[in-house]
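Reckoned from all heavy atoms, side chains included, excluding hydrogens, waters and symmetry mates.
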Protein chains: 2
Amino acid sequence: MSAERKAFRREGEDRRRADLVAATVDAIAVGGVESATVREIALRAGVTPGLIRHYFPGKDDLLRTAYAETMAEMTEAARAALAGAVGDSRQRLLAFVVANLAPPVASGRALSVWAGFIAKVHADAAFARIHREAYLDFRGEIESLLLGVFAESGRMPGEGAAVRLATAINAVIDGLWLEASLAPDLFAAGELAAAGRMAVEAMLSCALAGSPEQA
Amino acid sequence: MSAERKAFRREGEDRRRADLVAATVDAIAVGGVESATVREIALRAGVTPGLIRHYFPGKDDLLRTAYAETMAEMTEAARAALAGAVGDSRQRLLAFVVANLAPPVASGRALSVWAGFIAKVHADAAFARIHREAYLDFRGEIESLLLGVFAESGRMPGEGAAVRLATAINAVIDGLWLEASLAPDLFAAGELAAAGRMAVEAMLSCALAGSPEQA
DNA sequence: ATCCTTGTTATACAAACGAATAATTTTTCG
DNA sequence: CGAAAAATTATTCGTTTGTATAACAAGGAT
């Protein structure tokens with residue numbers, strides 16, 4: 001009957017911060033930003049609410065950290081597909097595009113988290129900065145893939161052409177990622193991947209691989 | 001010193017509902033979904049909080065209505081550009097694409113509202129249904145524009161080709177719209193419109209207009 | 001003019017929120 | 001083994017939230 005105090009273990013700071021960030025993302029993924037309260041986050045992290053403010057100055061800082069890490073993870077997941085891709089630069093670019101249109105990058109979960117954060121960009125300068133960095137990092141990856149394609153095919157694009165093309169390809173990936181994440185039941189398996197391939201090939205005026213395999 | 005009761009006028013139901021919806025969208029646009037409280041909405045609409053529940057069963061219903069109307073308005077704004085476009089189907093398609101990449105369709109305001117709602121799609125079936133209808137309506141507009149282009153150029157696309165192409169073009173528009181709305185300072189004037197034109201022309205394998213005017 | 005309907009305001013309430021502070025346990029270091 | 005330091009829990013506080021209900025007033029009907 002006596003009120004027993006909760007037993008606990010001291011974890012390293014890195015571990016605790018990572019757990020809190022993961023719990024935040026989980027909460028947002030399931031119930032949206034408004035359900036990511038300090039109490040809900042603490043519950044998911046297996047700690048009590050007060051601990052959050054021991055590692056973060058306030059809830060907003062935790063959200064910012066979660067946003068930055070989520071974006072970095074999504075780009076990293078697409079880069080991982082790159083590491084496992086065999087073939088020339090075109091096939092690598094194709095693998096990168098396709099990886100962004102399948103789970104875990106494209107998923108209702110990822111979309112909920114992303115949208116919840118994106119909604120804050122306009123009203124919060126810190127979120128705007130995080131977005132910008134994540135965007136430029138992602139587009140930079142596309143651009144470097146493009147430079148590889150140009151080099152292998154002996155093309156010498158004009159000044160700024162790679163950036164412009166990367167911007168357009170980034171848009172295609174984002175748009176298809178949205179479609180795939182928002183209403184996956186509207187599309188047959190591989191349909192959006194095929195659309196992405198078609199769009200990129202059209203913009204590059206070259207095939208990305210021999211036959212329509214993988215896509 | 002006596003507590004004076006606020007003077008008021010009886011407005012028509014349509015007018016009041018429209019005002020409340022507009023106030024909701026305004027609140028979200030400025031401060032995000034979490035700032036769209038019943039009190040804030042009522043303040044912006046010039047009424048007292050209790051009136052909201054006289055026209056809507058609850059706050060959620062008001063949000064759903066605001067979402068559906070916002071999406072319809074965005075599509076309508078792009079369609080309006082279509083009505084004022086001169087020329088053949090290709091030029092009309094180009095006008096449609098470009099209209100989606102400039103204010104008021106592309107703007108930080110529109111993005112905040114859209115993202116705030118989109119974040120609810122995964123957790124709320126009603127929002128998912130509204131999204132689906134808005135998406136299919138928008139993509140259907142693209143598809144009908146495509147059919148016009150095909151007819152004028154004498155092309156006879158295979159089964160489902162128009163839908164697939166409309167899906168890809170929809171993705172390009174969405175992606176570029178995101179870029180334009182999220183960080184407009186990253187792009188020069190007309191840069192994204194040019195990218196959209198390039199992408200669509202590449203996918204259609206035909207020019208959308210004579211010279212790079214308007215885009 | 002007066003009544004009736006109902007649109008509208010005013011007030012109240014319980015729940016949930018982020019934050020602050022105090023109490024306590026774990027870990028580390030001498 | 002004991003004491004200092006720090007991580008974690010527990011409790012509390014003042015606000016804000018959505019909703020419910022009661023009081024009021026505006027406009028039409030008779």
Residues A:Asp19 and A:Arg44 bridged, charged N to O under 4.0 Å: no
Rounded distance in Å - CG (B:Leu20) to P (C:dT9): 10 Å
N/O donor-acceptor pair under 3.5 Å between A:Glu191 side chain and A:Ala188 backbone: yes
Atom pair distance, as rounded to whole Å: CD1 in B:Ile52 and C1' in D:dT17: 12 Å
Steps toward salt bridge (Lys or Arg N to Asp or Glu O under 4.0 Å) verdict (A:Asp137, A:Arg79): CA-CA 11 Å; A:Asp137 181 42; A:Arg79 280 203 180 102; 2.8 Å; yes
Residue-phosphate contact under 4.0 Å: A:His54 side-chain N/O, D:dA7 OP1/OP2: yes
Pair B:Arg139 + B:Asp174, salt bridge at N-O below 4.0 Å: no
Proximity to DNA chain C (any heavy atom under 4.0 Å), residues of residues 27-48 of chain A only: A:Thr37, A:Val38, A:Arg39
Interatomic distance, B:Phe8 CZ vs C:dG7 C1' [rounded to whole Å]: 6 Å
Within-4.5 Å side-chain heavy-atom neighbours: A:Leu20 and A:Val47: yes
Side-chain N or O of A:Tyr55 closer than 4.0 Å to phosphate OP1/OP2 of D:dA7: no
Salt-bridge contact B:Arg90-B:Glu201 (side-chain N to carboxylate O under 4.0 Å): no
DNA chain D: 5'-proximal contact among B:Lys6 and B:Asp60 (nearest heavy atom): B:Asp60
Check: A:Ala66 main-chain N/O paired with A:Thr70 side-chain donor or acceptor under 3.5 Å: yes
Cation-pi check, B:Arg17 onto B:Phe56 ring (under 6.0 Å, within 45° of axis): yes
Rounded distance in Å - CD (B:Glu4) to P (D:dA25): 11 Å
Proximity to DNA chain C (any heavy atom under 4.0 Å), residues of residues 9-19 of chain B only: B:Arg9, B:Arg10, B:Glu11, B:Arg16
Whole-Å gap separating P (C:dT8) and CZ (B:Phe56): 13 Å
Nearest-Å distance for atom pair CG/C1', residues B:Leu51 and C:dG7: 7 Å
Under 3.5 Å donor-acceptor pair, B:Arg53 side-chain atoms to D:dT19 base atoms: no
Interatomic spacing from NE2 in B:His131 to CH2 in B:Trp114 - rounded to 0.5 Å: 9.0 Å
Separation of D:dC24 P from B:Arg5 CZ (nearest whole Å): 7 Å
